[in-house]
Amino acid sequence: MTGEHPALALRGLAKSFDGKVAVAGVDLDVPAGSFYGLLGPNGAGKTTTLSMAVGLLRPDAGGAWVLGHDVWADPVTAKQLLGVLPDGVRLFDRLSGAELLAYHGLLRGMDPAVVDQRAAELLDVLALADAGRTLVVDYSAGMKKKIGLACALLHGPRLLVLDEPFEAVDPVSAALIRDILKRYVAGGGTVVFSSHVMEVVQRLCSHVAILAEGTIKRVGTLEQVRGDRSLEDVFVEVVGGRTATGEELAWLSR
Amino acid sequence: MAVPVTAPANRVRPVSARHFVRLKLRVMGNNFRGQGWRVALFLVGSLIGLWFAVGAFFGLAAPGLVGDDRYALLVAAFAGGLTVLGWLLLPLVFFGVDETLDPARFALLPLSRRTLVTGLFAAALVSVPTVAVLLGLSGLVVTAGVFGGWSAALVSAVGVVCGLLLCVAGARAVTSAFASMLRSRRVRDLAAVLLAVLAASLGPLQLAGVAAIQDTDWGRLTGVATVIGWTPFGAPWTAGIDVAQGRAWAAPVKLLITVVTIVALLAWWSRSLESAMVGAASAGPTRARPGVTGGVVAQLFPRATGWLRRDRFGALVAREARYWWRDARRRANLITIAVVGLFVPVMVNFGGQGFTFDSDQGFSAAGESSPVLVSLSMLFVGLLAAVTLANQFGFDGSAYAANVVAGVPGRLELRARITAFSLYVLPMLAVVAVVIALVLGEPTWIGFMAGALVATYGAGLAVNSFVSVLGAYSLPETSNPFAMNSGAGVVKGMLTLLAMVATSALAAPMVLAAALLGDAWLWLGLPLGVAYGVGAALLGAYLAGDVLDRRQPELLALVTPRR
Ligand SMILES: Nc1ncnc2c1ncn2[C@@H]1O[C@H](COP(=O)(O)OP(=O)(O)OP(=O)(O)O)[C@@H](O)[C@H]1O
Ligand SMILES: [Mg+2]
């Protein structure tokens, strides 16, 4: 069946905006059952890559396959296997959290009884049940991330693609999300997520890819990429950023 | 040692209105960058504006060019007054205001309110409509100059400029006030009523206008014009004529009236601006309905959609139905349909009766409200209702991504959106048909009127399904439901026009039938109209859904606001 296919395969994905290259040919194989971290500095093209991988943004070239199903040629099958938490995208935020979950569940063709049961559990576990009938537009940033995650998980996808799931989330909720994701992977699911938090990536991931200037600079299992150094050191080396300011910005400390 | 950073007060350079104008021009320019079609649309819009401006210019200069100073005051007072009225009402009902510079973006800057208001005001002056109005109404300067020489022309020029300032200040103050009212839960419904009253007041005005055209008693009309000339509506425009006609003392008083009004409007604007700036985070939050028990699925479905199956279609309809009520921008559109839908037919049909009533020379044949005239007015209402969906995906913005990720089939999507919108609109159309028929005293007309309404509405839905998929544009994420991106005004106008023309063509058979079939149409109108409308809407959703399936990511990119 789909066993021999990688959970997510990207081949030559490229995209430029108004002549400015954002992603310059990304090849990536995400093995089924892996916990895959995508790292990269701001503007590296992580969001753009993930958007193209899940069918939100049409690539200029290249393709994406979810468990062997072409996202762009056979979107219906591919999208059924996918759960997505996009970044910088609004939710249908004039619904309450419960309404939003019901909407997503039914949109995925789930049975209403199952939606009811799973949504209640998710709201409870993610500590969103207290928000009651508050509309999502009035949620805090972290709460919005959490409800977005709940929407992505609800239909039990085989592959989760999460863009910065830990951004703006408090430590307790982050631990909770880590637990949920670990259990999900242990149960045979696959997670791809982008993050800026090295510590989380180090703790969770089995595989890592570092993206900079629209191309993959390092890729492999966590051990391969890290070697015997810390992930942060590798990242800084790859990205080639400055680590300290000298005489500039002196006016800040007057 | 680090000390708290303090602003070096002596080195802060003052911010002036000039900066705001430059900022607006820069933002407009950046919006055009790399988007050839936007530039093209902007040029087309400017040319249309110029065309109308030139027409207005010669119209208003006509009394001077012809040399007949009887009409000078009349033209100035009525044309100017209508211009002011249009600037006040049209943004609310149809067009919105250009909010290239969203006031909320300035909330964190250390600017005094006076600086902010004058700056935003100056920036608001930089737009195609203001230039067009300035050009068009300069015709008055010519007229004043012909009759009163240089001094009158000068006063008239000052008056026209002041009048333009008045128009812009009025438009900003009124939309901003209504926006903050629509945001607040407490007075939201009051705002709707006020809007209705405003639109309703157009009716009597129109009757007065029709009567005036009939009226050969120029003396009496001049009296009305004189009165208008002393209100803020006419004061700026008539000052020059007053000088020309030897009432020089009136000019300074009228200019004073204008300036005081402008200042008052700016003060009013500045007050509601404050609320727009602090309340910017959320655009009209509404609490979800309390007291629903049961699972999350039961909570999603509003009571009126209880009959729907709990599946994809049902979920889409329920979510859309909730959005039409909870999103201030969409609700403003619904209010417009209700208000305009009732009053335009009344005006059209009673304007006709006004003709017969007042005239004793030959208008009587065209005067009596006829099935054709009624069908035409119904056509307009159906058009207006359907064209609300011309940018239905723009309302969602980037939230539409959820549907793309879920892979919702295009046909299902469009059918669900049409269904949800119709939950609101069809009852309104029914009310329109019944009320207008009763007001006209022709209860037997209800059937074919409703038929014409549904047929036009259905045809309009078909057309607008295509327009919404192919011609979507993003709406700014602000708290002002009347706000539009720069350039979007032109896009919106062109698309609306296109959709309306296409819909009229599709709905024309209903009017033809009303004209040709006579009494049989009284009975056939409803079933045929409904069948035509429903069939057109379904066919439209079917065909446009196919296009949507191929364009989902592109559509998402179009409606995602660029921040
Ligand atoms: N819609 C767009 N139009 C134009 N340029 C874009 C658009 N979206 C992204 N870009 C550009 O593409 C590049 C990659 O952006 P992207 O959002 O993918 O970065 P990222 O890796 O997700 O960054 P971050 O860590 O800050 O989220 C950036 O240079 C950005 O300016
Ligand atoms: Mg990103």
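These figures come from a predicted structure and were not determined experimentally. Residue numbers start from 1 in every chain, and the chains themselves are labelled A, B, ... in the order their sequence lines are given, proteins ahead of strands.
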Region of [X] that comes under 4.5 Å of a non-hydrogen atom in chain A:
X        : result
B:Ala557 : neither
B:Arg550 : backbone
B:Tyr400 : backbone

query = Going by residue number, which parts of residues 102-109 of chain A are within reach of chain B, meaning a heavy-atom gap below 4.5 Å?
reply =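 Residues A:Ala102, A:Tyr103, A:His104, A:Leu106, A:Leu107, A:Arg108, A:Gly109 are the ones that qualify, each having a heavy atom under 4.5 Å from chain B.
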key: Residue, of A:Val115, A:Leu100, A:Leu95, that accumulates the most heavy atom pairs under 4.5 Å with chain B   =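 Most heavy-atom pairs within the cutoff with chain B belong to A:Leu95.
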query = Hey, which of A:Ala119, A:Pro86, A:Pro112, A:Ala152 has the most heavy atom pairs under 4.5 Å with chain B?
reply =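 Most heavy-atom pairs within the cutoff with chain B belong to A:Pro112.
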Ignoring hydrogens, what is the shortest heavy-atom contact between [X] and [Y]? Give both atom names and the distance.
X        : Y        : answer
A:Gly55  : B:Pro553 : O-CG, 4.0 Å
A:Phe92  : B:Ala402 : CE1-CB, 4.0 Å
A:Leu135 : B:Arg326 : CD2-NH1, 3.6 Å
A:Asp116 : B:Val296 : OD1-N, 2.9 Å

key: Over 12 non-hydrogen atoms of neighbours within 6.0 angstrom of CD in A:Glu213   =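 Open.
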Heavy atoms from other residues, nucleotides or ligands near OH of B:Tyr542 exceed 12 (cutoff 6.0 Å) =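 No - once you tally the heavy atoms of other residues, nucleotides and ligands closer than 6.0 Å, there are 12 at most.
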Interchain contact, [X] with chain B, by part (heavy-atom threshold 4.5 Å):
X       : answer
A:Asp93 : both
A:Pro75 : neither
A:Leu91 : backbone
A:Val76 : neither

key: Set of side-chain hydrogen bond (donor to acceptor under 3.5 Å, both in side chains) partners for B:Asp549, sequence neighbours left out   =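 Residues passing side-chain hydrogen bond (donor to acceptor under 3.5 Å, both in side chains) with B:Asp549: none at all.
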query = Could you give the distance from CG (B:Asp396) to CZ (A:Arg94), rounded to the nearest 0.5 Å?
reply =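 Between B:Asp396 CG and A:Arg94 CZ, I get 10.5 Å after rounding to 0.5 Å.
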task = Kindly compute the distance separating CZ (B:Arg310) from CG (A:Asp111), expressed to the nearest 0.5 Å.
result =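 B:Arg310 CZ to A:Asp111 CG: 12.5 Å, rounded to 0.5 Å.
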ask   = If you count heavy-atom pairs under 4.5 Å between each of B:Leu316, B:Val408, B:Leu412, B:Asp311 and chain A, which one has the most?
value =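 Counting heavy-atom pairs under 4.5 Å, the top option is B:Leu316.
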